[in-house]
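Just so we're clear, the structure is a prediction, and the values are computed from it rather than from any experiment. Here is the naming used below: chain letters follow the sequence lines, and residue numbers restart at 1 for every chain. Computation of the quantities below employed the complete heavy-atom set of this structure, encompassing side-chain atoms and omitting hydrogens, waters and symmetry-equivalent molecules.
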Amino acid sequence: MSIKHGLLALLREDPKYGYQLRGEFEAATGATWPLNIGQVYTTLTRLERDGLVRPASGEGDGDGRSLYEITDDGRAELARWFDTPVTRESRPRDELAIKLALALAVPGVDVSAVVQRQRMSTMRSLQELTRLKRGNRDGDISWQLVLESMIFAAEAEIRWLDHCESMLLRHRAAGGTTPAASRAGTTPAAGRAGTTPAAHRTNDVPEEQAKR
Amino acid sequence: MSTILDIRNLTRTHGQGKQAVHALRSVDLSVEAGELVAVMGPSGSGKSTLLTCAGGLDQPTAGEVLVDGNDLTTLSRNAVAALRRRRIGYVFQDFNLIPALTAAENVALPLELDGTRTRAARKYAEAALQEVAIDELADRFPEDMSGGQRQRVAIARAIVGERRLLLADEPTGALDSDTGETVLQLLRDRCDQHGIAGVLVTHDARHAAWADRVVYLRDGVLVGQSGPLPEADALLQESH
């Protein structure tokens, strides 16, 4: 996801001022992605440079701030964005998967404790998200959708942690060694879904491990 | 706030000597009025044993189980049974409704067993069914209801009269996820609005997240606890 496409989407219906875009962006994403006004203007400048938006015919709000409108190229870019699925590879690297892989690889780390701490921390986020969902029972559908995305991601992370834990137990019961000694193939697969909509596999673990 | 359920140093061992299985080891857990606590953990971690001990259905090997100040481990069998009928409600995964009784009769049953007259018991049952929004199904038999409706009847039975403690063992296990959410909403509302203390056993993190606190059992030992929650606004600051 980029701020760029978010702003293009908000400009699709009618021209808007930067501060308006900021407010509407936050409202649409339930304030899970706070923007500062600087980011909005930097992005608008870049969009203008690329010919995707332009200042709307000389109008200002009196304080020298200008109104922006989307161009035909901008509409085409927006349509392309909506038509293209988000690939997992395009998301940031997953710190948790890397942390667990390293915990296994480095002697003297209590991996079960790392898993348990993470589980309770993610559980807590899940509780908080659920409380927000309860507070929005008859509310805003966009916000609900963003919340559900984070709820599913947190839930997936907890299930993944449960899976890692039982995998580790089986591995130990079978007399397995850690990858530091045996080399690859036994560390838990990546695939973190965090409480921020992040996560996925990384390039830092061998291919085989990235399969879930 | 008053403590409704107070479990202290609870230990439950099945068998003896080398064959002994330690279902629970020195577990402490207290639940306040109005609080919903979820118990999670892998299969065989002692979740259900904790619940059956809390409800007086199983006798611990050691420790205390206080419900509304009464220690179940020292009460007579009859006194425990009476407390169960009056103060404790259960919700099970497979509903446990009696097929030959209508919804209202199922809900009224614990009261009637406790000596409430039929007509009065029926009134309480109707009120409980109304609270779970299925009063129009009062005269229906379980087999003529959907899974979600049956679970509502089971919840009505668990809250009828003056229950203080609601114990739910995988109450959403047999339901689809949407229906499961409405059941949790109901349990949550009971705690919020009526000051009932709730304990929910579940393996589903999504459902556990409805609780004020989540405790985690492994091999009969309490290994983790999350909550109580901070103010909602804090979450929005934390996400970046």
Side-chain angles (χ1 to χ4, degrees), chain A residues 26 29-36 39 92 110 112-137 143 146-170 193-198, chain B residues 35-45 47 133 172 177-178 180-193 198 200 202-219 221-240:
Chain A
E26 292 195 359
T29 56
T32 45
W33 191 337
L35 288 186
N36 66 50
Q39 282 172 292
D110 184 347
S112 299
V114 174
V115 169
Q116 181 59 26
R117 266 196 300 276
Q118 185 66 43
R119 174 164 31 224
M120 294 330 282
S121 156
T122 309
M123 190 69 233
R124 194 185 175 90
S125 310
L126 188 53
Q127 284 173 267
E128 286 164 351
L129 292 166
T130 304
R131 182 166 68 179
L132 291 175
K133 180 171 86 170
R134 274 161 46 205
N136 187 46
R137 249 189 252 188
W143 177 210
V146 172
L147 272 176
E148 284 291 351
S149 159
M150 293 191 287
I151 286 172
F152 270 90
E155 187 187 4
E157 181 169 296
I158 291 173
R159 291 181 56 191
W160 174 67
L161 287 165
D162 291 347
H163 181 69
C164 289
E165 190 168 58
S166 58
M167 239 166 59
L168 274 172
L169 284 175
R170 267 201 314 269
T195 49
T196 50
Chain B
E35 193 184 24
L36 180 63
V37 173
V39 182
M40 293 193 78
S43 310
S45 57
K47 306 190 290 286
T172 55
S177 66
D178 252 13
E181 294 257 305
T182 45
V183 163
L184 284 159
Q185 185 76 63
L186 263 176
L187 294 177
R188 182 72 252 184
D189 288 348
R190 293 305 308 175
C191 297
D192 288 346
Q193 294 161 16
L200 164 71
T202 180
H203 65 275
D204 193 335
R206 168 178 281 266
H207 291 158
W210 285 74
D212 297 297
R213 253 188 313 143
V214 180
V215 299
Y216 198 87
L217 278 174
R218 192 197 293 137
D219 299 328
V221 180
L222 244 172
V223 291
Q225 175 153 189
S226 90
L229 298 172
E231 288 308 302
D233 288 349
L235 176 65
L236 300 178
Q237 311 306 320
E238 271 171 33
S239 55
H240 271 259

K.L.:
Between A:R119 and chain B, which part of the residue has a heavy atom less than 4.5 Å away: side chain, backbone, both or neither?
P.N.:
side chain

K.L.:
List the atom of A:Q127, the atom of B:D212, and the distance in Å for their closest heavy-atom pair.
P.N.:
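Scanning both residues completely, I find the closest heavy atoms to be NE2-O, 3.0 Å.
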
K.L.:
Using non-hydrogen atoms and a 4.5 Å limit, figure out which bit of B:Q185 sits close to chain A: side chain, backbone, both or neither.
P.N.:
side chain

K.L.:
Please report the shortest heavy-atom distance between A:L126 and B:A205, naming the atom on each side.
P.N.:
CD2-O, 3.4 Å

K.L.:
Check whether B:A38 gets within reach of chain A through its side chain, its backbone, both or neither, counting any heavy atom under 4.5 Å.
P.N.:
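Neither part; nothing is under 4.5 Å.
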
K.L.:
Would you say CZ of A:R159 has more than 12 non-hydrogen atoms from neighbouring residues, nucleotides or ligands within 6.0 angstrom?
P.N.:
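Open: at most 12 neighbouring heavy atoms sit under 6.0 Å from CZ of A:R159.
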
K.L.:
Answer yes or no: does atom CG of B:D219 have more than 12 heavy-atom neighbours from other residues, nucleotides or ligands under 6.0 Å?
P.N.:
no

K.L.:
As an exercise, state the distance from CZ of B:R188 to OG1 of A:T130, rounded to the nearest 0.5 Å.
P.N.:
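Reported to 0.5 Å precision, the distance equals 10.5 Å.
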
K.L.:
May I ask you to decide whether B:R206 forms a salt bridge with A:E148, counting only side-chain N to carboxylate O separations under 4.0 Å?
P.N.:
yes

K.L.:
Between B:D204 and A:E155, does a side chain to side chain contact (heavy atoms under 4.5 Å, CB included) hold up when you go through it step by step?
P.N.:
CA-CA 8 Å; B:D204 193 335; A:E155 187 187 4; 3.6 Å; yes

K.L.:
Please report the closest heavy-atom contact between A:M120 and B:G224, naming both atoms and the distance.
P.N.:
CE-C, 3.9 Å

K.L.:
Within a strict 4.5 Å, meaning less than it, do heavy atoms of the B:D192 and A:R134 side chains meet?
P.N.:
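Yes; the side chains approach each other to less than 4.5 Å.
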
K.L.:
Rounded to the nearest 0.5 Å, what's the gap from CG on A:D162 to NE2 on B:H203? Could you check?
P.N.:
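Here the interatomic distance stands at 10.0 Å.
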
K.L.:
Rounded to the nearest 0.5 Å, what separation is found between the CZ atom of A:R124 and the CD atom of B:Q225?
P.N.:
10.0 Å

